[in-house]
Each structure stands twice: as structure tokens, then as C-alpha cells.
Protein chains: 2
Amino acid sequence: MTSQAEENYLKAIFKIAEKENKAVQTNAVAAAMQTTAASVTDMLKRLAEKNLIAYEKYRGVQLTDAGCRLATDLIRKHRLWEVFLVEKLGFAWDEVHDLAEQLEHVQGDELVQRLDTYLNNPRFDPHGDPIPDAEGRWEFRPQTLLANLEPGEQGIITGVQEHSSAFLQYLGQVGLTLGVSLQLVERIDYDQSVRVRLHDARELTLSEKVSKNLFLKIENT
Amino acid sequence: MTSQAEENYLKAIFKIAEKENKAVQTNAVAAAMQTTAASVTDMLKRLAEKNLIAYEKYRGVQLTDAGCRLATDLIRKHRLWEVFLVEKLGFAWDEVHDLAEQLEHVQGDELVQRLDTYLNNPRFDPHGDPIPDAEGRWEFRPQTLLANLEPGEQGIITGVQEHSSAFLQYLGQVGLTLGVSLQLVERIDYDQSVRVRLHDARELTLSEKVSKNLFLKIENT
DNA sequence: TAAAATTTTTAGACCAACCTAAAAATAAAA
DNA sequence: TTTTATTTTTAGGTTGGTCTAAAAATTTTA
Ligand SMILES: [Mn+2]
Ligand SMILES: [Mn+2]
Ligand SMILES: [Mn+2]
Ligand SMILES: [Mn+2]
């Protein structure tokens, strides 16, 4: 009973609410959905009518439990399909998002269940993002931006902040994929770029932009 | 540039044209799509506008080359996904149609290509229906209805005419799946039911309805 | 060939999902 | 606290896809 458009709005609201800790604004949703504020207001009314969001004019929106559950299921499906596309079909991690964006709307609880099993119940997707379980829960995994590491500290790449194809492709090219371990050698004061050493002793210089979009789990050395 | 609704109409027209060898009637499409003739006429105009069908008022429709290609691609995707669902996810052959009906609309040539490779380029789906190749071609496989076999003749099950869940489930229960070989023992004059002998010497009585919906490849004994 | 039955199209509406432009409410600045 | 700027909503319109009821075309029957 929920259209693809409705599902996409719920997911967008969920993701905005995840970051900012307040009622989600109309304009924020419009930006995320690449549409107009007027269209968003329109949809918010429909979603409120279906009790998927709590909506008060001019005051922003919040997902209800039902809405939150729907969004979480959608994210679960999105990420499971991404795992499938990378692990089984051999796509690169920068090629799967748009396909998953379509596949996530395929309805069928049994399908999701079987897909999950087939993929060995993965807990993270190809970008390091957590996959909710069938009950909509996921574990918190502490991670730090490379930009926040101190010189000498070491970590394993666990995820990305940006998901753009350009960024993911760049990372792949220089060998910075999930699970790779690296050490911060030094941070240049002038432009906040960083020098890192990889496991094979190879050294790389990364811009501030990169270091602010790369998540690591700090390792005790 | 083609919506899911448009794709479904094209597929319906294609399948009707496959059987009856004349222009496809509005009412036939309406029946297949479970909708009204008025809605069909509406859609036919849109499809003609896009040059996907040749449409002349009151005279029925025919797919253009472009429309035919689109329908074929859709059928290819539908059947490949059915193979995936059965072979990889372990669904039964009576459970996959509705899911494939959704999955066939996912856009992405690369996806279809990779899926095909992943499944080892199957040429038939779980119901014995041929899968078009990437160029939209498929081979003809001669097959006969069980109803048309002579007593004493033997064959291997290659497909079904009906695709209803009830029929497929029944066949599964009595062990009549693709590849099973059987021999026609006798046909009862009274109700046209048939007695068949399986490879393990087990005998089954099948109604006329069943025998008119089961395809076999006749084997020379 | 004229009348009746069937098939198909048109007319007119509805809903979901979008849009632009204008109005209203809220927040920020003076 | 006014004025100004920003945000949000409303008003009104478009498109795709559907519907029912009525009109028109075609086919069948008498
Ligand atoms: Mn993604
Ligand atoms: Mn992802
Ligand atoms: Mn099917
Ligand atoms: Mn099939």
C-alpha cells in the first residue's frame, strides 16, 4: 500500500533525521529528493494521512514507528541488494547504488529473507554501512574520520561518508578499500592534507576532502 | 523512457500476438491486463505515439520492431530472474512469477548481462519457457501436449501451458517436474483422462485438463 | 440488407505525483 | 519592535494511468 514515491520520501526523511537531531524541514526533504518544496508539502500530507509521519504545518516532520519501520526495511533491502550486486555479480562498489535504488522497491518478505540467507546474513554493505536485521535493528560500530586521527594512530577503513561515484572510484584506484589498514604519518598545517602509510609501507598523500570522508576503526598498536 | 505500465502492455500484446496470428484486439488486451477496454484504448494511443505499436482505430494493434524488441527484453529479464529465484534462492517454481513480474522492470543492461552470465546463460526458465538471448532471439524447441500423445509413445516433460500456481503445485506434488520422462499407457475414451507410467514404473492417472497443459518432447523408444 | 449484438472509442472524472507563482507564516535583522 | 528575509503552504495546472457511462463503428444474425 505504499508507492515507490512514498517509500523514497520516507527513506529521505529517515536519513535526514539520522544526522540532524530535530524535526525534518520541508526544504531539507526537497533538496534530498531534488524536487520543489511544494511537491514535498503535497506528499507530507499524504504520508501524514497514512500515519507514516507526524506532521504539523510549518513545524517539520518526524517519522512514526510505522514510517520508521518502513524506511528501515527499505534501507535493509537496498543494502542487501548492493551486497548481492558486488559479491555475486561482480559490480564495483561505485556502480551499485542506482540499481539498488530500483531493487529496494521490489516487494516480498520471503525474497528479502532468502536473499539475506543467500548472502550469509551480511551486517555491512559494500560501502561499510550497517544492514538492519529482519527486526529493523542494527548494531552501532564506532568509527572515526581519518581527519580526526592523530599522527601515529592507525586504523582500518570501515566506511565512507560521501557515496559519490567519483569518490568511490578514486578510492578504489589508490587502493583504499574496506578493510585496508593505514597509519597517519603527518598532517600538513597549510591545507590540512594528510600523509598516510599503508600496510605495504607505501605512502599516500590525501586531501582534507578525502580525509573528511573516510571512516576508520582505530587500532591499538 | 518506458513506464512499467507501458512495458506491461507491450508484453501482454506480444504474448497475445504469439498465439493468435492476427492483429491484437482491444478486448484481448483488456482481459490480459485485467482492466477495461477504455483504459486499453487510452494506452494504445500513447504507445502508438511512441511508435511502439502500429495502431489503427477499430482494427487492432501490432507491435513495431521497437515495441517487439522491448517486449522481448522484458521477457528475457522476467525469465532470467525466475531462474535466479529458483536456482539461487531456492524458491519453488510456483512461487516466482509475481516476484519476476516486479524484477523484470529493473533497468540496467549491464545488470541483465551479468545476471545471465552468473546463471550460466540458461536457455529455458523454470517453467520450460525459452529465454531470449541479448539480441532478442531464441531457438524453437518442438514439443507436444501430453493430450496429443498416442498410447505407447514416450516423452520428457519440457514445459507447461498453464502457469497457475495451483497447477504447478499439483505437478510438483505428483512428481511431474521438468525433465521427468513418462510414457502414455492409455487414454480413457469416456473423459479423455490418461494413464501414464513414470520412469520408476509408478503409474498415474491424469485428467484431460492436466494432459492439455503439459508439454513433452517425444522420445524415440 | 436491415436489425441486433458485439466491439471499440469517446466523453468526462478521479487520483497520485509533479510543477510554477503567489500568499501566508515563521525566523532573522535592523 | 518593526522591517526584511526565509521557509512553507496554498492555489491552480499538467501528465500518466485508471474508471464508468454513453456514443460510434463493426460484425453477426435474421
Ligand atoms: Mn546505496
Ligand atoms: Mn551502500
Ligand atoms: Mn513468469
Ligand atoms: Mn516462467
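In the text below, chain A, chain B and the rest are named by the order of the sequence lines, each starting its count at 1.
For A:Asn27 and D:dT8, the shortest distance from a side-chain N or O to OP1 or OP2 is below 4.0 Å. Proximity of B:Gln25 to the phosphate of C:dT8: a side-chain N or O atom is located under 4.0 Å from OP1 or OP2.
Between the OH atom of A:Tyr9 and the C1' atom of C:dA17 there is a distance of 8 Å, given to the nearest Å. Atom P of nucleotide D:dG16 and atom CG of B:Asn8 are separated by 17 Å, given to the nearest angstrom. Distance CG (B:Leu10) to C1' (D:dG17): 15 Å, rounded to an integer number of Å.
In this structure A:Glu162 satisfies the side chain to side chain donor-acceptor pair (under 3.5 Å) test together with A:Ser164, sequence neighbours excluded.
Side chain of B:Thr72 to backbone of B:Cys68: a donor-acceptor contact under 3.5 angstrom is found. Side-chain atoms of B:Asn213 come within 3.5 Å of backbone N or O of B:Lys209 as a donor-acceptor pair. Looking only at distances, a side-chain donor or acceptor of B:His163 sits under 3.5 Å from a matching main-chain atom of B:Gln161.
With no hydrogens or angles considered, a side-chain donor-acceptor pair links A:Asn8 and A:His105 at under 3.5 Å.
Surrounding CG of B:Asp191 are more than 12 heavy atoms belonging to other residues, nucleotides or ligands, all under 6.0 Å away.
A heavy-atom distance below 4.0 Å to DNA chain D is reached by these residues of residues 31-59 of chain A, ordered by number: A:Ala37, A:Ala38, A:Thr41, A:Lys45, A:Tyr55, A:Lys57, A:Tyr58.
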